[in-house]
Amino acid sequence: MKKLEETGPLVPKGRRVYNDTNRKAVEKNYRTKKILMCGIGPDEYNRVSACDTAKEIWEALQTAHEGTTQVKQSKIDMLTTEYELFRMKDDESIQDMYTRFTSIINELPHLEMSFPEISL
């Protein structure tokens, strides 16, 4: 990008005025876009097909799969509450309780949340 005037808007540079750094950046962006596009399915492709840069593609995929920071925080709060209020249900076997507990614990690291080790 370059400025037309000192206070003017930014506009894309022409390919003729690219230096080596610009060429490498364009090449890296192209490679990254290609890797991302080859690694996604048709549903995700429809979400990101209008994105121009690899960064835009990555952010769109991240938002689609992880949610925004507000959604992420809501999930953390919900799982924390489930963890803190965890009790065995009356009609539940020990195996079912363990499976339910394990699923709560396994979801937390994906949301970048963990609980300290408890020594008994």
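Count residues from 1 along the sequence.
- In terms of heavy atoms, Cys51 sits closest to Ile57 at CB-CG1, 3.5 Å.
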Tell me, with the steps shown, if Ser93 and Asp96 meet side-chain hydrogen bond (donor to acceptor under 3.5 Å, both in side chains).
CA-CA 5 Å; Ser93 70; Asp96 292 340; 3.2 Å; yes

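- Put simply, CD on Glu59 and CD on Gln62 are 7.5 Å apart, with the number rounded to the nearest 0.5 Å.
- Taking hydrophobic clusters as Ile, Leu, Val, Met, Phe, Trp and Tyr residues chained together by side-chain heavy-atom distances below 4.5 Å, Ile105 does not share a cluster with Tyr98.
- Atom OH of Tyr18 sits in a crowded spot, with more than 12 heavy atoms from other residues, nucleotides or ligands closer than 6.0 Å.
- Using a 4.5 Å heavy-atom cutoff, the side chains of Arg47 and Glu44 are in contact.
- Grouping the Ile, Leu, Val, Met, Phe, Trp and Tyr side chains by contacts below 4.5 angstrom, directly or via other members, places Ile76 apart from Val71.
- Side-chain atoms of Lys33 and Thr53, non-hydrogen and from C-beta on, never get closer than 4.5 Å to each other.
- The closest side-chain heavy-atom distance from Met88 to Ile94 is below 4.5 Å.
- When atom types are taken as modelled, the side chain of Asn106 and the backbone of Ser103 share no donor-acceptor pair closer than 3.5 angstrom.
- With respect to the salt-bridge test (charged N to carboxylate O, under 4.0 angstrom), the residues Arg23 and Glu27 do not qualify.
- Scanning all heavy atoms of the two residues, the minimum distance from Ala60 to Val48 falls at CB-CG1, 3.8 Å.
- Within the 4.5 Å cutoff, side-chain heavy atoms of Ile40 are placed close to those of Met37.
- Within 6.0 Å of the CZ atom in Phe86, the count of heavy atoms belonging to other residues, nucleotides or ligands exceeds 12.
- With rounding to the nearest 0.5 Å, the separation of OG1 in Thr102 from CE in Met97 is 9.0 Å.
- The CE atom of Met78 lies 9.0 Å from the CD1 atom of Ile104; values are rounded to the nearest 0.5 Å.
- Using a 4.5 Å cut-off on side-chain heavy atoms (C-beta onward), Thr32 and Lys55 make no contact.
- Note that OG of Ser49 is 6.0 Å distant from CG of Asn46, once rounded to the nearest 0.5 Å.
- Considering CG of Asp90 and CD of Glu92, their distance stands at 9.5 Å, rounded to 0.5 Å.
- Ion pair Glu82/Arg100 not flagged as a salt bridge, since none of the NZ, NE, NH1 or NH2 atoms sits closer than 4.0 Å to an Asp/Glu carboxylate oxygen.
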